Amino acid sequence: MTDPLQAADIKQRLQECRSKEETFKALVTLSKTLPRLSADDKTDANKVKGCESAVWLITDDCQGIRHIKADSDAKLMRGVLVALISLVAGKTLPDIQNMDLKAELAELNLSSYLTSSRTNGILAILDRLQQP
């Protein structure tokens, strides 16, 4: 979905947002780049527990590289997923497990959108990204 260069671009785009409205627009724009999952992929096993919106996350390791597919029923969360996935795109599972994803998340300038219930969901997504 994204390569490391795009991850830097996404981070910069979100950091440059100066209002909640700008951040919302940026996330909606990002949401359009996330391929939709099929109905067959939207299973309970792939559903992330604890998210305010319905979120599905599928991880697959191929030749050592972690590949991630995700989807949500909420446009805003789809944009957040693009940003989160960009942080780990092209990395191996051990590399991802060694990352401080909470610190990386803090650099994305999403605090105005991270209510306590959304934060719990995002932390659950970060946890799933690092699971074998």
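The basis for the numbers below is simple: all heavy atoms, side chains too, and nothing from hydrogens, waters or symmetry mates. These figures come from a predicted structure and were not determined experimentally.
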*Count the heavy atoms belonging to other residues, nucleotides or ligands that lie under 6.0 Å from NZ of K102, then report whether that count exceeds 12.*
no
*Are more than 12 heavy atoms from other residues, nucleotides or ligands located less than 6.0 Å from atom CG of D44?*
no
For [X] and [Y], work out which heavy atoms get closest and say how close.
{"X": "S53", "Y": "D73", "result": "CB-OD1, 3.4 Å"}
{"X": "L108", "Y": "A83", "result": "CD1-CB, 3.9 Å"}
{"X": "R78", "Y": "P35", "result": "NH1-O, 4.3 Å"}
{"X": "S72", "Y": "R36", "result": "O-NH2, 3.2 Å"}
{"X": "C17", "Y": "N109", "result": "O-ND2, 3.3 Å"}
{"X": "G121", "Y": "V48", "result": "O-CG1, 4.4 Å"}

_Nearest-0.5 Å distance that lies between atom CD in Q15 and atom CG in L110_ = 10.0 Å
_Spatial distance of atom CH2 (W56) from atom SG (C51) [nearest 0.5 Å]_ = 10.5 Å
*asked:* Going by salt bridge (Lys or Arg N to Asp or Glu O under 4.0 Å), name the residues that satisfy it together with K42, two or more places apart in sequence or in a different chain.
replied: D71
*Only counting residues at least two apart or in another chain, list the ones meeting salt bridge (Lys or Arg N to Asp or Glu O under 4.0 Å) with D41.*
K69
_For N98, all residues meeting side-chain contact (heavy atoms from CB on, under 4.5 Å), sequence neighbours excluded_ = none
*Can you list the residues that meet the side-chain contact (heavy atoms from CB on, under 4.5 Å) rule with A106, with sequence neighbours excluded?*
none
*Write out all pairs satisfying salt bridge (Lys or Arg N to Asp or Glu O under 4.0 Å) with one or both partners inside residues 10-23, taking only residues at least two apart or from two chains.*
K11-E104, K11-E107
*Residue pairs fulfilling salt bridge (Lys or Arg N to Asp or Glu O under 4.0 Å) with at least one residue in residues 122-132, sequence neighbours excluded*: none
Do [X] and [Y] share a hydrophobic cluster, counting only Ile, Leu, Val, Met, Phe, Trp and Tyr and linking them when any side-chain heavy atoms are less than 4.5 Å apart?
{"X": "I122", "Y": "L76", "answer": "yes"}
{"X": "L37", "Y": "V88", "answer": "no"}
{"X": "F24", "Y": "L34", "answer": "yes"}
{"X": "L14", "Y": "L126", "answer": "yes"}
{"X": "I65", "Y": "L93", "answer": "no"}

With a 4.5 Å heavy-atom cut-off, do [X] and [Y] have their side chains touching?
{"X": "L84", "Y": "L101", "result": "no"}
{"X": "S86", "Y": "Q6", "result": "no"}
{"X": "M77", "Y": "I125", "result": "yes"}
{"X": "L81", "Y": "I68", "result": "no"}

_As a test of understanding, state which of D60, D61, D95, T92 forms a side-chain hydrogen bond (donor to acceptor under 3.5 Å, both in side chains) with R66._
D61
